[in-house]
Amino acid sequence: MDNMMPDAAGRDDAAQEKTELTGMTEAELTEWVKAQGMPAFRGKQIFQWIHRGADFEEMTNLPASLRESLSGLAVAQPVSIRLHQVSRLDGTVKFLFRLMDENCVEGVLMRYHYGYSLCISTQVGCRMGCKFCASTLDGCVRNLTAGEMLGEILAANRFLRERGEEERVSHVVLMGSGEPLDNYENVIRFFRLLREENGLRLSLRNVSLSTCGLVPRMRQLAEENLPVTLCVSLHAPNDEVRRQTMPIANRYSMEEILDACRYYVEKTGRRVIFEYALVDGVNSAPAQARELAGRLRGLQCHVNLIPLNEVRERKLRGVREDTVRRFLDTLTRERISATRRREMGDDIDGACGQLRRKTLAAETGQTGKPASSGSGQEA
Ligand code: SAH
C-alpha cells in the first residue's frame, strides 16, 4: 500500500510553519535545541515538560524570554480538547481532539480496574471503507504524526490532572479512527516515544494495536519484536462473508491473515485478539460460530465479540442479546477463548467516528442538533 494522502484543506499556515517538537525523541530535541543556539541541557528540560503535558508558558525553569521565543518557533502540545462527553452510565469520557490544522479526531478514556486506558486515533478519517464504520464515510484526510498520537495521551493526562486525579493514562489502544498499519512509520515512532526514559515510560505491554488486516504490515510489525498486543478486526468466519462488509478482504484472504497472526505469535509470544462485531443476518449464526472456531483452532488467540454499534448512515443492524450469548456459547463449547466486550460509553457516541461526524455535520448545518448539547461540554 502506498502512503499518499490528500492534504487537508484549510490548514493554519502559521501553525504549519512551526516545528512540532512532540514527535522528537530526547536526542532529536537536544539536537534541535542546539541548532537554535541554546545550550544542550535545555533539550532534556523541554522534553520532560512536553511529556508532562505542559505548553511553553508553563515551562517555569526556562527564562521567560526563551519561553516566548519558543512559542513563536515551535509547537509543544499539538492536541487540545475541543469537547468532551462523560458517560452517565460508566464515567467513560469521549474526547473530540483538535489538531493544529483544525482537523478533529476522537479518543475514548475508559476506567478499568488496572487503570486508565485511552483509545486513540491514528488518522483523520480512514480509507479502508468498512461498511459498518463511521470513520471511513468521508475517506482519509491525512495521517496523524507520531507527536499528535502522543499529544492525544498528553491531552487526556491534562484532563485527568485538571479533574484533580492522581492517576494518568497507563494503557493505550490504537483503535480510534484510522488504520494504524496504513500509517506505519509514524506509529512505530510513536511507540518509541512512549518508551523514552524521560517521557511517559509506558510499557508497550500495555499497548494494543488494531488492524483490519494489512498482511505485509502485520508481518513487518512482528519483526519489530515489540510486546504490543495485535488485535485483528475479523468480523467474519470466511472470505465470502468478510467481503460483504470489509473491502480489504478483496486484497488479503483470511488464510493470509491467519498465517500472519501465527507468525506474530511465533515472533512475539503474544496471543492475538480477534474482534468480531455481530451483524444481524450477516455473520451471527451458530453455524458461523462453528466455522470460525474451526478456522482459529490451534492459534493462540482470544475472540472479542462486539455487538454492532449501529451507525445512522449505515444500513447494517446489530443483534439481540440472546444471539450474542449463543455465538459466545458456541465458541466456548468449541474451546475457543472468547468474551463479549464490555460496552462502554454507549450513551456518548462511543463507536468510531460518530462524535466527529455529528460535530462536523452540525457545523455545516447538515443536522440541527449540535454535538455539544446533552452531556457534551466545549473545552
Ligand atoms: N482500522 C483498525 C482500527 C480502528 S476500528 C481496525 O480496523 O481494526 C476499531 C474497531 O472497531 C475495529 O474492530 C472495527 O472493525 C470496529 N468497529 C468500527 N465500527 C464499528 C461499529 N459500528 N460497531 C462495532 N464495531 C465497530
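Nothing here was measured: the structure is a model prediction, and the numbers come from that model.
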J.: Indicate yes or no: does E106 engage K94 in a salt bridge with an N to O separation below 4.0 Å.
T.: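 A salt bridge links E106 with K94.
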J.: Any chance you could lay out the side chain to side chain donor-acceptor pair (under 3.5 Å) test for E256 and S253, step after step, and finish with the verdict?
T.: CA-CA 5 Å; E256 289 171 297; S253 71; 3.3 Å; yes
J.: Do the non-hydrogen side-chain atoms of P180 and R217 ever get within less than 4.5 Å of each other?
T.: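 Not touching, per the 4.5 Å side-chain cut-off.
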J.: Are R111 and D90 close enough for a salt bridge, meaning some N to O gap below 4.0 Å?
T.: no
J.: Rounded to the nearest 0.5 Å, what separation is found between the CZ atom of R42 and the NZ atom of K44?
T.: 13.5 Å
J.: Hydrophobic clusters here meaning ILVMFWY residues chained together by side-chain heavy-atom distances under 4.5 Å, can you tell me if M175 and I273 are in one?
T.: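 Unlinked, M175 and I273 end up in two clusters.
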J.: Checking Q288 side chain against A285 main chain: does a donor-acceptor pair fall under 3.5 Å?
T.: yes
J.: Please tell me whether I188 and L209 are part of a single hydrophobic cluster in this structure, the criterion being side-chain heavy atoms less than 4.5 Å apart.
T.: yes
J.: So how far is it from L278 CG to T323 OG1, rounded to the nearest 0.5 Å?
T.: 8.0 Å
J.: Work out which heavy atom in T268 is nearest to a heavy atom in A222; give both atom names and the distance.
T.: CG2-O, 4.3 Å
J.: For the residue pair N157 and L200, establish whether any side-chain heavy-atom pair is separated by less than 4.5 Å.
T.: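 In short, these two side chains touch, coming nearer than 4.5 Å.
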J.: Hey, are E165 and R161 close enough for a salt bridge, meaning a charged N less than 4.0 Å from a carboxylate O?
T.: no
J.: Given 3.5 Å as the limit, does a donor-acceptor pair link the side chain of R290 with the main chain of T330, or not?
T.: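 No.
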J.: Which pair of non-hydrogen atoms, one from G318 and one from D280, has the smallest distance, and what is that distance?
T.: O-CB, 3.2 Å
J.: State which residue, out of N186, T136, D182, fulfils the side-chain hydrogen bond (donor to acceptor under 3.5 Å, both in side chains) condition with Q123.
T.: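 Testing each of N186, T136, D182 against Q123, the sole residue satisfying side-chain hydrogen bond (donor to acceptor under 3.5 Å, both in side chains) is D182.
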J.: Using 4.0 Å as the upper bound for N to carboxylate O, is an ion pair formed by E196 and R192?
T.: no
J.: Do R242 and I257 come within less than 4.5 Å of each other through their side chains, counting heavy atoms only?
T.: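 R242 vs I257: side chains touch.
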J.: Rounded to the nearest 0.5 Å, what's the gap from NZ on K131 to CG on L137? Could you check?
T.: 11.5 Å
J.: Got a sec, which pairs hit side chain to side chain donor-acceptor pair (under 3.5 Å) with one end in residues 26-41, sequence neighbours left out?
T.: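 Passing the test, one end in residues 26-41: T25-E28, E26-N198, E28-R189, E31-K34.
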J.: With a 4.0 Å cut-off on N to O distance, would you call D329 and R325 a salt bridge?
T.: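 Salt bridge present between D329 and R325.
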J.: Would you call E255 and R295 a salt bridge, taking side-chain N to carboxylate O under 4.0 Å as the test?
T.: yes
J.: Would you list the atom pairs, donor with acceptor, under 3.5 Å between side chains in residues 46-62 and any protein atom, with sequence neighbours excluded?
T.:
from, atom 1, to, atom 2, distance (Å)
W49, NE1, N61, OD1, 2.7
E58, OE1, D55, N, 2.7

J.: Does the R270 side chain pair with the main chain of K267, one donor and one acceptor, at a distance under 3.5 Å?
T.: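 Such a contact is absent between R270 side chain and K267 backbone.
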J.: Using a 4.5 Å cut-off on heavy atoms from C-beta on, say whether the side chain of H302 contacts that of V272.
T.: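 V272 does not reach H302 side chain to side chain.
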J.: Could you walk me through whether R195 and L202 pass the side-chain contact (heavy atoms from CB on, under 4.5 Å) test, one step at a time?
T.: CA-CA 6 Å; R195 299 218 259 196; L202 217 129; over 6 Å; no
J.: Hey, does the side chain of T92 reach the backbone of M110 with a donor-acceptor pair shorter than 3.5 angstrom?
T.: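 Not a single qualifying donor-acceptor pair exists.
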J.: Look at the side-chain heavy atoms of Ile, Leu, Val, Met, Phe, Trp and Tyr, link any pair under 4.5 Å apart, and say whether M38 and M24 land in one connected group.
T.: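 As far as the 4.5 Å side-chain criterion goes, M24 and M38 are connected within one cluster.
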J.: Please check if atom CZ in R317 has more than 12 non-hydrogen atoms from other residues, nucleotides or ligands closer than 6.0 Å.
T.: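 Yes - once you tally the heavy atoms of other residues, nucleotides and ligands closer than 6.0 Å, there are more than 12.
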J.: Would you mind listing every ring pair (Phe, Tyr, Trp, His ring centres under 6.0 Å) that reaches into residues 274-301, with sequence neighbours excluded?
T.: Y276-F327
J.: So, Y116 side chain and A156 main chain: donor-acceptor pair closer than 3.5 Å or not?
T.: no
J.: How far apart are the closest heavy atoms of R168 and L160, and which atoms are they?
T.: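 The answer is CA-CD1, 3.9 Å.
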J.: Using a 4.5 Å cut-off on heavy atoms from C-beta on, say whether the side chain of L83 contacts that of I81.
T.: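 Answer no - side chains too far apart.
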J.: Any chain of hydrophobic side-chain contacts (each under 4.5 Å) joining Y263 to L181?
T.: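 Shared cluster, no.
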J.: Taking the side chain as everything from C-beta on, heavy atoms only, tell me whether R251 gets closer than 4.5 Å to L214.
T.: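 No, too far: nothing below the 4.5 Å cut-off.
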J.: So does T122 get a backbone contact from the side chain of N183, meaning a donor-acceptor N/O pair under 3.5 Å?
T.: yes
J.: Looking at residues at least two apart in the chain, or sitting in another chain, which of them share a salt bridge (Lys or Arg N to Asp or Glu O under 4.0 Å) with E275?
T.: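 Only R341 meet the salt bridge (Lys or Arg N to Asp or Glu O under 4.0 Å) criterion with E275.
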J.: Counting distance only, does the side-chain N/O of T22 pair as donor-acceptor with the main-chain N or O of A76 below 3.5 Å?
T.: yes
J.: Would you give the length of the straight line joining atom CG of L234 to atom SG of C301, rounded to the nearest 0.5 angstrom?
T.: 9.5 Å
J.: Do T19 and V75 have side chains that get closer than 4.5 Å, going by heavy atoms?
T.: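 Heavy-atom side-chain distance check fails, nothing below 4.5 Å.
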J.: Could you check whether any side-chain N or O of N206 sits under 3.5 Å from a backbone N or O of S170, counting only pairs where one atom can act as donor and the other as acceptor?
T.: yes
J.: Nearest heavy-atom pair of V169 and V172: which atoms, and what distance?
T.: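 Answer, listing the atom of V169 first, then V172: CG1-CG2, 4.1 Å.
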J.: Take E20 and M100 through the test side-chain contact (heavy atoms from CB on, under 4.5 Å) and record every step on the way to the result.
T.: CA-CA 10 Å; E20 187 214 80; M100 297 301 292; over 6 Å; no
J.: How far apart are the closest heavy atoms of C231 and S208, and which atoms are they?
T.: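 Where C231 meets S208 most closely, the heavy atoms are SG-CB, 4.0 Å.
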J.: Who are the ring-ring contact (aromatic ring centres under 6.0 Å, His included) partners of F97, not counting sequence neighbours?
T.: F95
J.: Find out whether L258 and L296 are in side-chain contact, i.e. whether some heavy atom of one side chain is under 4.5 Å from a heavy atom of the other.
T.: yes
J.: If we ignore hydrogens and angles and just use 3.5 Å, is the side chain of E148 paired with the main-chain N or O of L99 as donor and acceptor?
T.: no
J.: Which distance, rounded to the nearest 0.5 Å, do you find between the NE2 of H235 and the SG of C130?
T.: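 Taking NE2 in H235 and SG in C130, the distance rounds to 6.5 Å.
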J.: Quick check for you: to the nearest 0.5 Å, what is the distance between L308 atom CG and S284 atom OG?
T.: 10.0 Å
J.: Got a sec: does the CZ of R201 have more than 12 other heavy atoms crowding it under 6.0 Å?
T.: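 Not more than 12 within 6.0 Å, no.
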J.: Say whether, by atom type as modelled, one donor and one acceptor occur between the side chain of S71 and the main chain of R67 under 3.5 angstrom.
T.: yes
J.: Kindly determine whether Y264 and R219 satisfy side-chain contact (heavy atoms from CB on, under 4.5 Å), including the steps that lead there.
T.: CA-CA 7 Å; Y264 196 85; R219 290 182 165 273; over 6 Å; no
J.: Take V93 and R163, measure what side-chain contact (heavy atoms from CB on, under 4.5 Å) needs, and give me the verdict at the end.
T.: CA-CA 12 Å; V93 185; R163 225 166 57 168; 3.8 Å; yes
J.: Mind checking ring-ring contact (aromatic ring centres under 6.0 Å, His included) for Y114 and listing every partner two or more places apart, or none if nothing turns up?
T.: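 Once residues adjacent in sequence are excluded, the partners of Y114 under the ring-ring contact (aromatic ring centres under 6.0 Å, His included) criterion are Y112, H171.
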J.: So which heavy atom on M218 is nearest to which on A260, and how close?
T.: CE-CB, 4.0 Å
J.: Just by distance, no angles: are the side chains of E224 and Y184 close enough, under 3.5 Å, to form a donor-acceptor pair?
T.: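 Looking only at side-chain atoms, Y184 and E224 do form a donor-acceptor pair, the distance falling under 3.5 Å.
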J.: Salt-bridged, E321 to R326, with N to O below 4.0 Å?
T.: no
